[in-house]
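Every number for a ligand or one of its atoms is a count from 1 in the order of the listing.
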Amino acid sequence: ETLNAKYNRSGVDNSWFVFGGSYSGALSAWFRLKFPHLTCGSLASSGVVLAVYNFTDFDKQIGESAGPECKEALQEVTRLVDGQLQSGHNSVKELFGAKLLENDGDFLYLLADAAAIAFQYGNPDVLCSPLVEAKKNGTDLVEAFAHYVNDYYVGTFRASVASYDQNYLKNTTPAESSYRLWWYQVCSEVAYFQVAPKNDSVRSAKIDTRYHLDLCKNVFGEGVYPDVSMTNLYYGGTRIAGSKIVFANGSQDPWRHASKQKSSEELPSYLIECSNCGHCTDISGCPQAPSNIGGDSSKCSSPEAVNKVRKQIVDHIDLWLSECQDQGQNLGCTAILSLDLFF
Ligand SMILES: *[C@@H]1O[C@H](CO)[C@@H](O)[C@H](O)[C@H]1NC(C)=O
Ligand SMILES: *[C@@H]1O[C@H](CO)[C@@H](O)[C@H](O)[C@H]1NC(C)=O
Ligand SMILES: *[C@@H]1O[C@H](CO)[C@@H](O)[C@H](O)[C@H]1NC(C)=O
Ligand SMILES: *[C@@H]1O[C@H](CO)[C@@H](O)[C@H](O)[C@H]1NC(C)=O
Ligand SMILES: CC(=O)N[C@H]1CO[C@H](CO)[C@@H](O)[C@@H]1O
């Protein structure tokens with residue numbers, strides 16, 4: 001109603017095409033599911049419609065996106081850091097400007113996220129080139145990784161080290177409250193617990209189900225727990241019973257395993273394949289961060305792959321809009337797009 005008024009469409013039988021990327025991609029799909037009479041269709045870019053409890057595929061995808069050499073280097077960093085922490089050498093945290101993270105799990109989560117983000121947002125070389133080089137040179141791998149974290153993850157990507165501190169997350173009025181809000185979503189509904197797989201994991205095995213459950217309890221108190229089977233029963237997961245929703249995922253994006261990756265009737269799904277195709281590539285181009293709506297595909301390692309899927313998405317939008325018009329509906333097709341950074 002508010003948007004109809006804002007765009008001067010009150011009083012007409014108005015439909016919308018809804019857009020979103022990442023969690024808002026799931027919201028875009030769910031909005032279409034819930035309000036088919038108000039919508040013509042939906043783009044669910046990297047739409048994470050499947051709640052996953054033990055989301056081991058996330059880490060597994062990091063290993064695959066990294067490739068054997070870089071994966072091995074990352075695993076060695078994990079072994080070395082785990083070893084230092086085990087023998088009580090907290091000084092390793094100082095290398096990462098993360099002395100404030102007293103809980104080893106919080107610190108290890110920072111390191112795991114830092115590595116994931118390179119693949120999630122289409123900058124694999126920024127991480128892998130120096131690591132592979134350091135491995136070849138025989139120079140200190142942990143230092144090379146710390147350099148990446150300080151320089152890129154914190155410096156360029158502007159990640160907040162403090163936001164990994166559970167004490168910080170407990171604060172209900174922090175300056176940047178989105179971290180707490182996101183964890184509440186995770187802890188109460190969708191989980192996506194990024195636990196280390198039993199075999200061949202990139203991240204520390206200490207990032208397990210227990211770590212997440214403890215965090216939820218510590219930050220939000222007893223009884224906040226993600227019942228993912230209820231969430232998926234309610235929305236349908238990848239079997240979402242909507243229509244005219246187009247899904248797109250990037251081949252290197254660890255989140256794609258929580259999205260709908262197989263086309264079904266009325267729900268086409270596209271995988272955009274290239275070495276820096278991550279989260280919401282169809283919307284942002286490459287790299288995906290900083291977020292750049294309608295961004296350039298020329299920096300994608302395969303611009304054709306991106307352009308092809310963009311064309312397919314536009315074809316679906318055109319078709320579904322025309323079908324709305326055929327039904328005599330008056331169209332107010334304004335893009336509502338909110339891209340949330342996604343951890
Ligand atoms: C809204 O629509 C009415 C009726 O067509 C028109 O008179 C008015 O100028 C429009 N307002 C805006 C802000 O476009
Ligand atoms: C998640 O993993 C934990 C630890 O391996 C296991 O105990 C639990 O049963 C798993 N839960 C689900 C829903 O897979
Ligand atoms: C590795 O060795 C090359 C050649 O000696 C040098 O240019 C490069 O800076 C070294 N890289 C690292 C990470 O030490
Ligand atoms: C564990 O991972 C390694 C490396 O990918 C693989 O060779 C091995 O078969 C895996 N073992 C099991 C039990 O899955
Ligand atoms: C890995 C994966 O899920 N690939 C799918 C990507 O999308 C195409 C087109 O819908 C499917 O055919 C693939 O199975």
Side-chain angles (χ1 to χ4, degrees), residues 23 26 48-83 85-86 103-109 111-113 115-116 118-120 124 127-128 131-132 135-136 141 145 166 182-240 251-262 273 275 342-343:
Y23 180 65
V48 282
V49 290
L50 181 68
V52 187
Y53 192 74
N54 290 323
F55 194 11
T56 48
D57 278 350
F58 188 94
D59 188 86
K60 210 168 146 216
Q61 182 63 53
I62 301 297
E64 278 165 26
S65 298
E69 264 187 324
C70 182
K71 177 171 116 181
E72 211 176 288
L74 286 167
Q75 288 174 324
E76 197 169 327
V77 169
T78 298
R79 270 193 298 278
L80 291 167
V81 171
D82 274 346
L85 292 175
Q86 225 143 41
N103 179 327
D104 287 355
D106 295 351
F107 172 64
L108 293 167
Y109 216 96
L111 302 197
D113 262 359
F119 308 102
Q120 179 172 331
L127 169 63
C128 288
L131 278 192
V132 169
K135 202 163 154 60
K136 282 196 181 121
L141 265 181
F145 185 61
Q166 291 181 34
W182 174 244
W183 274 108
Y184 186 73
Q185 205 68 28
V186 162
C187 290
S188 65
E189 222 172 13
V190 287
Y192 311 127
F193 289 164
Q194 290 157 31
V195 302
K198 289 232 154 51
N199 184 36
D200 205 29
S201 86
V202 173
R203 66 192 50 212
S204 168
K206 296 206 178 62
I207 305 177
D208 55 8
T209 315
R210 178 49 49 203
Y211 169 79
H212 291 84
L213 291 175
D214 286 348
L215 182 149
C216 292
K217 190 166 142 193
N218 182 25
V219 173
F220 301 109
E222 203 82 53
V224 177
Y225 171 86
D227 188 346
V228 297
S229 52
M230 271 314 293
T231 305
N232 289 328
L233 188 63
Y234 188 80
Y235 293 109
T238 54
R239 295 172 60 211
I240 179 170
S251 60
Q252 304 300 299
D253 179 13
W255 286 102
R256 72 185 172 98
H257 305 288
S259 182
K260 184 168 173 11
Q261 294 197 82
K262 286 209 175 97
E273 295 191 64
S275 70
F342 205 78
F343 291 91

Can you list the steps and then say if D253 with S251 is a side chain to side chain donor-acceptor pair (under 3.5 Å)?
-> CA-CA 6 Å; D253 179 13; S251 60; over 6 Å; no
With a 4.0 Å cut-off, would you call E64 and K71 a salt bridge?
-> no
Which class fits the ring pair F55 and W255: parallel under 30°, tilted 30 to 60°, perpendicular over 60°?
-> tilted
Determine if the distance from atom 14 (O) of ligand 4 to the closest protein heavy atom is below 4.0 Å.
-> yes
For atom 5 (O) of ligand 2, what is the nearest protein heavy atom, given as residue, atom name and distance?
-> K198 NZ, 3.4 Å
Closest protein heavy atom to atom 2 (O) of ligand 2, given as residue, atom name and distance to 0.1 Å | N54 ND2, 2.3 Å
In terms of ring plane angle, is the pair F220 and Y184 parallel, tilted or perpendicular, where the classes change at 30° and 60°?
-> perpendicular
Is there at least one pair of N or O atoms, one from Y53 and one from ligand 2, spaced under 3.5 Å apart?
-> no
Nearest to atom 3 (C) of ligand 2 by heavy atom, T209, V228, V195: which?
-> T209
Under-4.0 Å heavy-atom contact between protein and atom 11 (N) of ligand 2 = yes
Which pair of heavy atoms, one from N103 and one from Q166, lies closest together, and at what distance?
-> ND2-NE2, 3.5 Å
Ligand 4 to N199 polar contact by distance, N or O atoms, under 3.5 Å = yes
